[in-house]
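As a basis for the values below, the full set of heavy atoms in this structure was taken, side chains included, without hydrogen atoms, waters or symmetry mates. Owing to the predicted nature of the structure, the values given are computational and were not obtained by experimental measurement. Each ligand, and each atom within it, is numbered from 1 in the order the structure gives.
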Amino acid sequence: MARGFTGCAVDNGGAATTTESSAGRIQASTAELPEPFTLPFRVPAVLKPVRQDDTTDYYEITQRVADAEIIPGATTEIWGYNGTFPGPTIVSERGRQVVVRHRNELPVPTVVHLHGGVTAPEHDGFPTDLVVPSGWDATRDEGKGAHEGHTPGSGSPAEVTEVERDYVYPLDQPAATLWYHDHRMDFTGPQVWRGLAGFHIHHDAEEEALGLPTGDRDVPLMIADRTFAGDGSMPYPALDPALRDQPGVTDEFHSGVLGDCILVNGVPWPVMEVAAVRYRFRILNASNARRYRLRLDDGPSFVQVGSDAGLLDAPATHDELDVAQAERFDVVIDFSDHSVGDEITMVNEHGDNSTEMVMRFVVTREEEDDSRVPDRLVDLERLSTDDVKVEREFVFERTSEDGTMMWTVNGEPWSPDSVAARTVHATVERWRFRAKNVEHPIHVHLSPFQIIERDGNEPGPFDRGWKDTVNLGNGGRADVLVRFDGFRGKYVFHCHNLEHEDMMMMGNFEVV
Ligand code: C2O
Ligand code: CU
């Protein structure tokens, strides 16, 4: 077990509070954390293709253990894509396919999911589609699930167990902020916590014609909370710290693992030097269990131009931004009313003390700016309730069976073999999601959706555009329209609180 953390700071696992507003428990750091807003902001490196042909860009990523310096002067062992956390950013352009060869040099199996990608089932990262390290005994996985009848390796769309595999991404989809992360059955929470997450930024010609800020003024922000022990390590309360056999976390963390150190692109509370111009920020909440309400202290508003699955039809201005796990908000921040020397702090209104702070911008210079935010962005197709063929309801709730606590969908723990919904390709369905016990952010693979109702009312301010993740409060409900397009086969939908996901809050749907 990782040493040096105390798990008693806050527990709102059963009853969400208005201060933290995240299900879970904080592991308090015992490391001396850096003073906020002292470390320089950085952007994850953009990965270069190893090869290109007429249709495709080829990339290679090795997943490996590496040492990082996250807390100045301390060494943190991470699991990283190419040994970095965040992983390198892949940048793609509609019309070109991307193939990523992932090689697993970690001590345990992994699965890669391109979150938001419209991807064939055998490349989507089904939780049992393992890429195994060399020497891994695949038979050891059998019967090791947290739930009886949970048989890893069976019933997945393609049982590929190899050290290396090519993930094929057609990316015939609109410009959007996508991300890739680990999705191994039962162990996604700890493996993402250790660092397996990166950006995939997808462009298209329509987006490029808009005149939004580009280049080094188009900036990804991966926000994630972590905990640091005195030895620099990032402890995680796994029942099996080696992540080999027994899944799950110690009891008190069943609602979620929260850290007290907020990282942006892997840096604790960084400070970014900006010019007094417009910037585009692609905000991603890559935290396991933490939700944020972001605000710019003494600063401008967020002008939202995109959501999870692409650009909006028109910009939307927000003074605060609620960002649940896995959600992306593509925003423009205009610093032009600020003078050189001004400091603008991004705060988290859902946080307490150290988690109240996210990052800081310091205006250091004036520069030319020919970017703009047009009043109309892109034409969005509106799905219509008239086209709905099937309505389904999914209740996300905590249940316990023989004293074992589980997170379930419609009372069922996830099994790779079951199918909760058979959907007909290219038809529209209405899915109603309900959250019980605590809040749950619900993510559907393959097909983005449109939120048409929230708690029986109009959609909320953060529900615009095409979404792939919807943030539900405790007791909350959202109705979405979704058209299962692009591919046929078996995919998952699940809660993106990664501890809930690992403890079975997931279902399968099959597009036929
Ligand atoms: Cu972001 Cu099923 O994942
Ligand atoms: Cu959940």
Side-chain angles (χ1 to χ4, degrees), residues 12-14 16 21-24 86-87 110-119 121 123-129 156-157 167 176-189 191-193 196-200 222 224 249 253-258 284-291 308-309 323-328 394-399 405-410 413-414 416 433-448 467-476 478 490-509:
N12 46 20
S21 197
S22 301
T110 60
V111 172
V112 182
H113 171 54
L114 176 61
H115 184 126
V118 179
T119 305
H123 296 287
D124 192 55
F126 196 83
T128 52
D129 260 352
S156 59
Y167 287 91
T177 306
L178 312 178
W179 62 301
Y180 62 102
H181 62 77
D182 192 68
H183 217 298
R184 176 186 170 206
M185 182 178 71
D186 295 340
F187 294 98
T188 295
Q191 298 193 170
V192 170
W193 181 271
L196 293 174
F199 276 104
H200 182 131
M222 179 190 285
V249 290
F253 290 99
H254 69 252
S255 289
V257 178
L258 303 170
L284 158 68
N285 178 359
S287 307
N288 284 33
R290 181 175 292 282
R291 309 199 305 176
D308 302 336
V323 193
Q325 304 94 296
E327 282 190 304
R328 283 89 71 213
F394 297 104
V395 181
F396 291 76
E397 103 183 278
R398 180 174 56 214
T399 54
M405 202 285 310
M406 274 179 309
W407 295 98
T408 58
V409 183
N410 287 350
W414 183 69
F433 299 122
R434 297 161 75 91
K436 290 209 179 158
N437 315 110
V438 292
E439 58 275 12
H440 302 286
I442 310 306
H443 169 48
V444 181
H445 283 218
L446 180 67
S447 297
K467 298 275 295 163
D468 59 41
T469 306
V470 54
N471 179 13
L472 297 182
N474 182 10
K490 196 163 157 186
Y491 294 87
V492 294
F493 65 104
H494 58 88
C495 177
H496 221 289
N497 172 311
L498 298 183
E499 283 69 44
H500 299 186
E501 177 185 342
D502 282 342
M503 281 175 273
M504 309 297 149
M505 191 168 255
M506 178 148 65
N508 303 318
F509 65 93

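For Tyr180 and Tyr167, the distance between ring centers is not under 6.0 angstrom. Not less than 6.0 angstrom separates the ring centroid of His443 from the ring centroid of Trp179. If you look at His200 and His115, their ring centroids are not closer than 6.0 Å.
At a threshold of 2.8 Å, atom 2 (Cu) of ligand 1 has no backbone or side-chain N, O or S atom of His496 nearer than that distance. Among the backbone and side-chain atoms of His113, no N/O/S atom is found under 2.8 Å from atom 1 (Cu) of ligand 1. Residue His445: an N/O/S atom is found under 2.8 Å from atom 2 (Cu) of ligand 1. Residue contacts to atom 2 (Cu) of ligand 1: His443 brings no N, O or S atom closer than 2.8 Å.
Atom ND1 is the N/O/S atom of His115 found closest to atom 1 (Cu) of ligand 1.
Trp414 and Asn508 share a side-chain donor-acceptor pair at under 3.5 Å. Glu499 and Asn288 are linked by a side-chain donor-acceptor pair at a separation below 3.5 angstrom, with hydrogens and angles left out of the test.
Ring pair His183/His113 is perpendicular by interplanar angle, where above 60° counts as perpendicular and below 30° as parallel.
Below the 2.8 Å limit, the Cu ion (ligand 2) has as protein N, O or S neighbours His440 ND1, Cys495 SG, His500 ND1.
Glu327 has a carboxylate O that lies under 4.0 Å from a charged side-chain N of Lys467, or vice versa, which qualifies the two as a salt bridge.
Contact check for Lys490 versus Pro121: no side-chain heavy atoms found under the 4.5 Å cut-off.
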